[in-house]
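Here is the structure we will look at.
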Amino acid sequence: QVQLVESGGGLVQAGGSLRLSCAASGRSLSRYAMGWFRQAPGKEREFVAAISWSGASTYYRNPVKGRFTISRDNAKNTVYLQMNNLKPEDTAVYYCAASPRDTGLGYLSQYNDWGQGTQVTVSS
């Protein structure tokens, strides 16, 4: 099992940027593909972005393509989500998650370990 802690959330105006971090402990992240998900009030948790264990492949939800970038630093056991040109509809609690699989990374069921989440609020 890997423990995940997100940070970097906050309040930002529309058009602004935030960089989320997900720090892992317990096991090396190099064994896992990683994903970011988000959950807005009253809505289901949804996929945002994922990165393969090697970092060679990345995947994004369509509305965030071109605005968000997922990356990883296995030496630091950390995964990042750079979010630019934020919009009010990006407001949500953002979660990182670890998957021992390298396929189907858009699905919550592929992930075994989750962080506690960090709040992102984008004002208009």
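The first residue in the sequence is number 1, and the count goes up from there.
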Exercise for review: Take atom CZ of R101 as the centre, draw a 6.0 Å sphere, and report whether it contains more than 12 heavy atoms from other residues, nucleotides or ligands.
Suggested key: yes
Side chains of residues 104-117: which donor-acceptor partners sit under 3.5 Å, not counting sequence neighbours?
unit_1: Q110; atom_1: NE2; unit_2: T103; atom_2: O; d: 2.8
unit_1: Y111; atom_1: OH; unit_2: L105; atom_2: O; d: 2.6
unit_1: Q116; atom_1: NE2; unit_2: E6; atom_2: O; d: 3.4

Practice item. Locate the shortest heavy-atom distance separating A92 from A40; write the atom from each residue and the value. Key: CB-N, 3.8 Å
Revision key, fill the gap. CG (L11) and CD (Q119) are apart, to the nearest 0.5 Å, by 9.5 Å
Point to revise | Distance (rounded to the nearest 0.5 Å) between R31 CZ and S99 OG | key: 14.5 Å
Review point. In Å, rounded to the nearest 0.5 Å, how long is the span from CZ of R61 to CZ of R38?
Key: 6.5 Å
Practice item. Any side-chain hydrogen bond (donor to acceptor under 3.5 Å, both in side chains) involving residues 72-85? Give me the pairs, sequence neighbours left out, ordered by first then second residue. Key: S17-N84, R72-N74, Q82-N84
Exercise for review: Linking directly or through intermediates, with side-chain heavy atoms under 4.5 Å: list the remaining ILVMFWY members grouped with I51, chain and number order.
Suggested key: V2, L4, V12, L18, L20, L29, Y32, M34, W36, V48, Y60, V64, F68, I70, V79, L81, M83, L86, Y94, V120, V122
Point to revise | Interatomic spacing from OG in S124 to NZ in K87 - rounded to 0.5 Å | key: 13.5 Å
